[in-house]
Amino acid sequence: MDTDARHTERDRSSGPEDGTKEGSRSSRAPAPEAGRTAWGRVALLGALCAVALLLFSAFVLQPFLIPSGSMEPTLRVGDRVLVNKLAYRFGSEPRRGDVVVFDGTGSFVPETPGDDSMGSLLRGVAASLGLGEPVETDFVKRVVGVGGDHVVCCDERGRIEVNGDPVDEEYVHQGDKPSQVAFDIEVPDGRLWMMGDHRSRSRDSRDHLGQPGGGMVPVDRVVGRVDWLGWPFGRLGSLDGTDAFTGIASAGIRPAGADRG
């Protein structure tokens with residue numbers, strides 16, 4: 001009898017212990033609702049970061065993937081540059097020698113109805129973040145002539161002239177002539193004459209002379225100025241400027257006694 005009683009007491013006492021252990025284990029397991037809430041917060045934070053990055057790219061600084069060799073040696077295929085969208089936002093305008101990104105619609109490419117498909121939207125987002133090639137209407141070139149300029153190719157030494165002054169373009173790709181195509185143009189006010197640094201491989205204003213707009217890009221189509229190289233890391237830094245246009249006479253004005261060189 002005593003033995004049975006002791007067994008009964010032992011069995012009864014083991015129940016609460018087991019229940020306590022099971023209860024403590026179950027209390028440590030996270031509830032499914034808590035896991036879903038945590039993932040929701042992560043997703044919301046990611047969405048907010050993406051929106052902030054897109055807004056920054058849209059209004060301040062846009063990464064831009066260089067898709068071709070038309071700007072070599074200044075910019076190489078695969079470079080990712082940073083386009084300063086504030087450079088011309090407060091009254092300043094592009095100057096000769098600036099390297100800019102612009103929308104070539106109506107000047108370099110004909111105007112066509114926009115593509116509102118999801119694929120086009122995703123490609124545009126990737127391009128605006130520098131993750132994909134730019135849209136077909138975006139170009140990167142160097143400003144050679146501004147509104148009112150008289151740009152001619154070429155003088156007796158093969159140099160381009162702007163307002164009667166020759167330009168020594170040290171940035172032109174080695175072995176290239178300043179232009180293999182002769183031209184003599186007046187840049188209308190509010191427009192720009194654009195050329196690539198790799199003249200033999202660049203389709204630029206010269207290729208659109210006989211088309212509507214004459215290859216001249218409206219100033220308000222300029223997206224921004226290329227100020228920095230963001231990739232590859234070995235070339236990270238600000239984009240070198242040029243002194244090629246220093247001393248060039250303003251449109252329609254030539255300093256007395258100026259030497260054409």
Side-chain angles (χ1 to χ4, degrees), residues 70-71 74-75 83-85 87-111 137-173 176-227 239 241-255 258 260-261:
S70 69
M71 281 296 295
T74 306
L75 303 174
V83 181
N84 181 2
K85 291 191 170 183
Y88 309 123
R89 189 65 59 85
F90 304 105
S92 298
E93 291 194 351
R95 298 181 301 176
R96 305 181 199 102
D98 286 356
V99 176
V100 302
V101 170
F102 62 94
D103 177 2
T105 303
S107 56
F108 278 39
V109 294
E111 299 205 29
T137 56
D138 283 352
F139 299 86
V140 56
K141 303 293 178 189
R142 189 181 297 273
V143 179
V144 174
V146 298
D149 280 348
H150 181 203
V151 188
V152 177
C153 180
C154 290
D155 69 4
E156 65 277 1
R157 292 175 53 186
R159 298 171 297 181
I160 286 176
E161 290 184 344
V162 177
N163 301 330
D165 289 315
V167 183
D168 291 314
E169 300 177 282
E170 80 286 348
Y171 47 75
V172 170
H173 192 277
D176 277 4
K177 296 179 179 179
S179 178
Q180 293 180 334
V181 177
F183 56 85
D184 185 338
I185 56 98
E186 296 275 354
V187 184
D189 288 338
R191 291 183 175 261
L192 305 167
W193 177 261
M194 303 286 201
M195 299 180 75
D197 291 355
H198 199 340
R199 297 288 160 82
S200 62
R201 293 184 57 186
S202 175
R203 291 184 59 82
D204 46 43
S205 290
R206 298 168 296 169
D207 296 275
H208 305 282
L209 279 168
Q211 300 173 12
M216 315 290 183
V217 177
V219 170
D220 59 12
R221 292 283 191 175
V222 174
V223 175
R225 185 178 64 211
V226 177
D227 280 351
L239 191 71
T242 177
D243 295 326
F245 296 91
T246 301
I248 297 293
S250 299
I253 302 174
R254 181 168 184 78
R260 293 182 55 166

Could you give the distance from [atom1] ([X]) to [atom2] ([Y]), rounded to the nearest 0.5 Å?
{"X": "Met71", "Y": "Asp197", "atom1": "CE", "atom2": "CG", "value": "3.5 Å"}
{"X": "Glu170", "Y": "Thr242", "atom1": "CD", "atom2": "OG1", "value": "3.5 Å"}
{"X": "Leu192", "Y": "Asp149", "atom1": "CG", "atom2": "CG", "value": "9.5 Å"}
{"X": "Phe183", "Y": "Ser205", "atom1": "CZ", "atom2": "OG", "value": "8.5 Å"}
{"X": "Glu161", "Y": "Cys153", "atom1": "CD", "atom2": "SG", "value": "9.5 Å"}

Note, [X] side chain near [Y] side chain (heavy atom, < 4.5 Å):
{"X": "Ile160", "Y": "Arg199", "result": "yes"}
{"X": "Met194", "Y": "Phe139", "result": "no"}
{"X": "Tyr88", "Y": "Val100", "result": "yes"}
{"X": "Met195", "Y": "Ser202", "result": "no"}
{"X": "Asp184", "Y": "His150", "result": "yes"}

Could you pull out the closest heavy-atom pair between [X] and [Y], with the gap in Å?
{"X": "Gly148", "Y": "Glu186", "answer": "O-OE1, 3.9 Å"}
{"X": "Ser92", "Y": "Ala87", "answer": "CB-O, 3.6 Å"}
{"X": "Pro178", "Y": "Gly158", "answer": "CG-O, 2.9 Å"}
{"X": "Ala249", "Y": "Arg96", "answer": "O-NH2, 3.4 Å"}
{"X": "Pro166", "Y": "Asp155", "answer": "CB-OD2, 3.7 Å"}
{"X": "Val226", "Y": "Leu239", "answer": "O-CD2, 3.5 Å"}

Matching residue for Arg225 among Val99, Val101, Asn84 - test: side-chain contact (heavy atoms from CB on, under 4.5 Å):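 Between Arg225 and the candidates, side-chain contact (heavy atoms from CB on, under 4.5 Å) is satisfied uniquely by Asn84.
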
Identified side-chain contact (heavy atoms from CB on, under 4.5 Å) counterpart of Val162 within the set Val152, Val187, Ile248, Val146: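 Going through Val152, Val187, Ile248, Val146 one by one, the side-chain contact (heavy atoms from CB on, under 4.5 Å) with Val162 is satisfied by Ile248 alone.
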
Electrostatic pair Arg142:Glu169 at N-O distance under 4.0 angstrom: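 Not counted as a salt bridge, because no side-chain N and carboxylate O are separated by less than 4.0 Å.
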
Arg206 and Gln180: CA distance, side-chain angles, deciding distance, side chain to side chain contact (heavy atoms under 4.5 Å, CB included) verdict: CA-CA 10 Å; Arg206 298 168 296 169; Gln180 293 180 334; 5.8 Å; no

Enumerate, atom names and distances included, each donor-acceptor pair closer than 3.5 Å involving a side-chain atom of residues 207-223, sequence neighbours excluded.
residue, atom, partner, partner atom, Å
Asp207, OD2, Asp204, N, 2.9
His208, ND1, Gln211, OE1, 2.9
Arg221, NH1, Asp103, OD2, 3.0

Arg201 vs Ser70, side chain to side chain contact (heavy atoms under 4.5 Å, CB included): CA-CA, chis, key distance, verdict: CA-CA 5 Å; Arg201 293 184 57 186; Ser70 69; 5.6 Å; no

His198 and His173 aromatic ring geometry - parallel, tilted or perpendicular at 30°/60° bounds: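 His173 vs His198 ring planes: parallel.
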
Glu93 atom CD, neighbour heavy-atom count above 12 within 6.0 Å: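 No, not enclosed.
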
Stepwise side chain to side chain contact (heavy atoms under 4.5 Å, CB included) check, Val172 with Lys177: CA-CA 8 Å; Val172 170; Lys177 296 179 179 179; over 6 Å; no

Residue pair Val143, Phe245: steps toward the side chain to side chain contact (heavy atoms under 4.5 Å, CB included) verdict: CA-CA 10 Å; Val143 179; Phe245 296 91; over 6 Å; no

